[in-house]
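As structure tokens, the structure follows; a few thoughts come after it.
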There are 2 protein chains.
Amino acid sequence: MSKRTEKTIVDIAEELKLSVSTVSRALNDNPNISARTKDKVKKMARKLGYRPNALAAGLRNNKSKTIGLIVPRISMFFPATISTIIQNKLQEYGYNLIICQSNDSYDQEVALVNTLYSARVDGLVVSTTLYTTDFSHFDVFKDNNIPLIFFDRVPKDYNVKVIKGDDYVGGYTATTHLIERGCKDIVHISGPLTCNLYVERVSGYKHALQAHKLPFKKTRVFYQELTRDNAWQVCEKIFAQTPYPDGIFASNDTTAITIMEYCRKINVRVPEDLKIVGYSNDPRTEIVTPPVTSVDQYPAMMGERVVAALMELITNQASATAPRYSQEIIPIQLIARESTAGTVKTSGKKK
Amino acid sequence: MSKRTEKTIVDIAEELKLSVSTVSRALNDNPNISARTKDKVKKMARKLGYRPNALAAGLRNNKSKTIGLIVPRISMFFPATISTIIQNKLQEYGYNLIICQSNDSYDQEVALVNTLYSARVDGLVVSTTLYTTDFSHFDVFKDNNIPLIFFDRVPKDYNVKVIKGDDYVGGYTATTHLIERGCKDIVHISGPLTCNLYVERVSGYKHALQAHKLPFKKTRVFYQELTRDNAWQVCEKIFAQTPYPDGIFASNDTTAITIMEYCRKINVRVPEDLKIVGYSNDPRTEIVTPPVTSVDQYPAMMGERVVAALMELITNQASATAPRYSQEIIPIQLIARESTAGTVKTSGKKK
DNA sequence: TTGAATATTGCAAACGTTTGCATTACATTA
DNA sequence: TAATGTAATGCAAACGTTTGCAATATTCAA
């Protein structure tokens, strides 16, 4: 009852006593096929339940109408949002999206790049692993002139199209905000420095301190994967000794939120005793009490820019003149909420 | 410098003065190719930078080593978690995953099913739109005997493999929990009844009330898309008139959390004046104050079961004897938190 | 050394499209 | 009506694999 179902354009051709080329052209709305024939063909296609075989077309055309996307994990707010945008946008252009997660594992990333190449995706969009510092596994795409775009977590010293947030300004702005609210001893909890965007945020943090004549102390910066567990642990370290900091700039919202929980536990009041800023403007920052100040990265805008850039690369693929790389920076915006409300009194410390 | 790069097995064959068939077999570790030849071939493949063309192989084999996944949206906790699991699990089996979002639009779902069929995915995994009641667009998969699995939001009266949560028990348990904590007037906020799982939860809710001799009132059940906005609006309706309910069972956590926010605004205390239960055990339930009681659906287990069932279908595809459909039910577990703590006093109402 | 058995390798077709070029059908003009 | 131009269709090769079957090379026993 099943099996022998798959109809092809050959079946349509036979049924209609036409050549396969005519059928193919008719289905693709080629201009020099008569309207009458097109109509007949399409009718018959519907009648037979014909479904185009994208593999065959892809093989012949050397393009799959498919884009690959590699992100660390789709369960995180920022990549999830961007993936959604990219997918929906791409759908409008008639492209499929293969979403893959590297789980922040370099080896997995390498493997994914290879299978996506094998799948002959027409383009690859990547936000790298925290630990990717060697980018040679992307060479296949560069060498074969297949559109390749990095976003958010982007490579350093690897000529390629890049769309990233303004992480330096983000770090600077977040820190300045804390300073303006009276903080004098600001801890920064950063991701690992193998990932460029954290380097920039740290740099922004440092320069903001210096611009306001505050000392930059190495011991006040912590580098770690920004997970819930790590956040809790670093809190235990930070609050094991006095003086407590009066401000914390965390490089993601999970960390910021976890710090708040810890503070509640040890009776440090936010924002009275300690002010906190997170990063990404994850919706969770709004539902938590007090709501957390965070740095919005305009994920929707970034996603749209990624697709726009991708489409541009795809259409200009032929012209060898088109620039292969460039950097585009998406702005950030600080969203002030209750976790940084009020002003620290010069002295006031401890409940 | 670029372009003419793409090496094929033909290139390898020529280079080595072998036939393409030998090369193909060597690369696939076919047993009747000598170890020596295999070695030579693989070395040369590496040297030439050969990359298999999955499209060609797929065309020839009539299989793409790719699975399609359609979910309403990947930015929601439950589908996101399941997608992650499925993808990672599938990777182990050497399958790619094309994740697609229907955005809860029936038309988009239909379109996606068609393109995924065109892409000749080796299997399709679906959690349907809220509004999908006609499932005929999936017939192509059924008719061609391509593994097809539904999870969570599954069809009614459509013979197919189904893996779902125990929504009846979920509704029953959540409601019973509220009753046991002393609630007498329990509102239920449900999703639209076009989606089967809400029907079951409502049914569980109803039977729990009846089992405890509480009246089931139609006016105490609301049907709507469970978004933040809708939750806020329904609150305005509910709290526009007295008496206020003393318990609310919301069919997702976004709704539950939003209700809590509303309550704070109008000074209804949770859990003293009102107890709230959500659904899905979204991590947000834990970081909100007070933490929200919710119904865990074991997404990881469900994801794993989906992949297991899928692999089973794929390997047994040949045998016409294997059952094409079945239903598998994943258990739920109520996670009690502060939002339902304490016991309502028989009288106590209003601040 | 010969023959048979077995281990390797090669040939060629097939998967379902698309497309350059050649061919045929039709319409127009003189 | 013949010649010409244009519109519509057909032929056949190509995309890169895999695989049944045929062919050759190798091994082993007698």
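Here is the naming used below: chain letters follow the sequence lines, and residue numbers restart at 1 for every chain.
The phosphate of D:dG10 has OP1 or OP2 within less than 4.0 Å of a side-chain N or O from A:Ser19. Close to C:dG10, at under 4.0 Å from its OP1 or OP2, lies a side-chain N or O of B:Thr22. For C:dT9, the OP1/OP2 oxygens have a side-chain nitrogen or oxygen of B:Thr37 closer than 4.0 Å. Within the 4.0 Å cut-off from OP1 or OP2 of C:dG16, not a single side-chain nitrogen or oxygen of A:Ser24 is found. Under 4.0 angstrom from either OP1 or OP2 of C:dA12 there lies no side-chain N or O belonging to B:Ser21. Listed pair B:Asn28 / D:dT18 meets the phosphate criterion, a side-chain N or O lying under 4.0 Å from OP1 or OP2.
The interatomic distance linking A:Lys63 (NZ) with D:dG16 (P) rounds to 15 Å, in whole Å. The distance from atom CG of B:Leu59 to atom C1' of C:dA14 is 9 Å, rounded to the nearest whole Å. Distance CD (A:Glu14) to P (D:dC11): 12 Å, rounded to an integer number of Å. Remark: P of C:dT17 and CG of B:Asn62 are 11 Å apart, rounded to the nearest angstrom. The nearest whole Å value for the distance from the CG atom in A:Asn53 to the P atom in D:dC15 is 18 Å.
Note: B:Tyr117 and B:His137 fail the aromatic proximity criterion, with ring centroids not under 6.0 Å apart.
When distances are taken from the side chain of B:Ala57 to each of D:dG10, D:dG16, D:dT17, the shortest belongs to D:dT17.
Side-chain N/O atoms of B:Thr22 and B:Ser19 include a donor and acceptor closer than 3.5 Å.
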Go through it in stages, so that I can follow the logic: the residues are A:Asp104 and A:Arg73, the test is salt bridge (charged side-chain N to carboxylate O under 4.0 Å, His left out), and I'd like the CA-CA distance, side-chain angles, deciding distance and then a yes or no. CA-CA 7 Å; A:Asp104 265 324; A:Arg73 27 181 65 98; 3.5 Å; yes
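Just one of A:Asn114, A:Leu112, A:Val113 meets the side-chain contact (heavy atoms from CB on, under 4.5 Å) condition when paired with A:Val110; it is A:Asn114. With A:Phe141 as reference, A:Val121 is the one residue of A:Val121, A:Ile149, A:Val126 to meet the side-chain contact (heavy atoms from CB on, under 4.5 Å) rule.
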Could you list the protein-to-nucleotides 21-23 of chain C atom pairs, N/O on both sides, closer than 3.5 Å?
none

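Within the nucleic acid shown, B:Asn61 comes within 4.0 Å of sugar-phosphate atoms alone, with no base atom in reach, counting heavy atoms only. Across all strands, A:Leu55 comes closer than 4.0 Å to no nucleic acid atom at all (heavy-atom distances). Residue contacts shown for B:Arg120 are absent, as no nucleic acid heavy atom lies under 4.0 Å away.
Position along DNA chain D of the nearest nucleotide to B:Arg60 versus A:Lys17 favours A:Lys17 as the more 5'-ward residue.
The side-chain tip of B:Lys161 does not point at the ring of B:Tyr325 from less than 6.0 angstrom away and within 45° of straight on. Under the 6.0 Å distance and 45° angle rule, B:Lys142 counts as a cation-pi partner of B:Tyr158.
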